[in-house]
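Notes follow once the structure below has been shown.
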Amino acid sequence: MVVVAAVDRSGRSSHVVSEAASLAAAFDEPVHVVHALTRSEFVDLGLTSAQAEKPKDMAEIRSAAAEMAEDTVSGLSVPYETVGLVGDPAEEVTQYADEQDASYIVVSPRRRSRTGKMLFGSVAQSILLNASCPVVSTLAAEE
């Protein structure tokens, strides 16, 4: 079993990784720090085949996402692995957690108004509602 730390490119990610490391140490499990690269991030980073001289294959794209996950890790004292996924973050994280038989998923939601959540949805909320394992939500100061 593993503890999945679902991170993005925000300042909240360090809190997610820290909480996941605490759980992992308590239960003697490794941490999988996971970043799901969305289509818009993919386009923003110029990784699309139309913008590149040589088309990127999915392994290269997942590797770029794993590097983003690695950027959130600092001085962990527990075994960890960084994982890059591609697609809808909520779906990818919950599917990955199921495949890994995760004991926990750790997330950090953005602070939004109720209207904002209704209009734009929430990755953390979707993970909370759809995960088959317990989800730990950390609150961190906004970046």
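We're numbering straight along the sequence, starting at 1.
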Do Val17 and Val31 come within less than 4.5 Å of each other through their side chains, counting heavy atoms only? no
Closest contact, heavy atoms only, Ala6 versus Val16: O-CG1, 3.6 Å
Would you check if Val135 and Val107 make a side-chain contact, meaning some heavy-atom pair closer than 4.5 Å? yes
Any heavy-atom pair between the side chains of Val86 and Arg62 that's under 4.5 Å? yes
With side-chain contact (heavy atoms from CB on, under 4.5 Å) as the test, pick out the partner of Val3 among Val106, Val78, Val33. Val106
Is it the case that the side chain of His32 and the backbone of Val4 share a donor-acceptor pair, with hydrogens and angles ignored and the cut-off at 3.5 Å? no
So which atom in Pro89 and which in Ala36 form the shortest heavy-atom distance, rounded to 0.1 Å? CA-CB, 3.6 Å
Enter the distance from Ile105:CD1 to Leu23:CG here, rounded to the nearest 0.5 Å. 12.0 Å
Would you say Thr72's side chain and Ala69's backbone share a donor-acceptor pair under 3.5 angstrom? yes
Could you give the distance from CE (Met68) to OG (Ser63), rounded to the nearest 0.5 Å? 10.0 Å
In terms of hydrophobic clustering (I, L, V, M, F, W, Y; side-chain heavy atoms under 4.5 Å; direct or indirect links), are Leu128 and Val136 co-clustered? no
Is any side-chain heavy atom of Tyr96 closer than 4.5 Å to one of Leu85? yes
Answer yes if Tyr80 and Val7 sit in the same cluster of Ile, Leu, Val, Met, Phe, Trp and Tyr residues linked by side chain heavy atoms under 4.5 Å apart, and no otherwise. yes
Testing the basics here: between Ala5 and Ala20, what is the closest heavy-atom pair and its distance to 0.1 Å? CB-CB, 3.7 Å
Are Val83 and Val123 grouped together when hydrophobic residues (ILVMFWY) are joined by side-chain heavy atoms under 4.5 angstrom apart? yes
Any donor-acceptor N/O pair, Thr94 side chain to Ala90 backbone, under 3.5 Å: yes
Find out whether Ser137 and Pro109 are in side-chain contact, i.e. whether some heavy atom of one side chain is under 4.5 Å from a heavy atom of the other. yes
Mind checking whether Asp101 and Met1 have side chains closer than 4.5 Å, heavy atoms only? yes
Does the side chain of Asp8 reach to within under 4.5 Å of the side chain of Ser13, using non-hydrogen atoms? yes
Side chain to side chain donor-acceptor pair (under 3.5 Å) test vs Gln95 passes for just one of Glu99, Glu92, Glu91, namely Glu99
Is the shortest heavy-atom distance from the side chain of His35 to the side chain of Glu67 under 4.5 Å? no
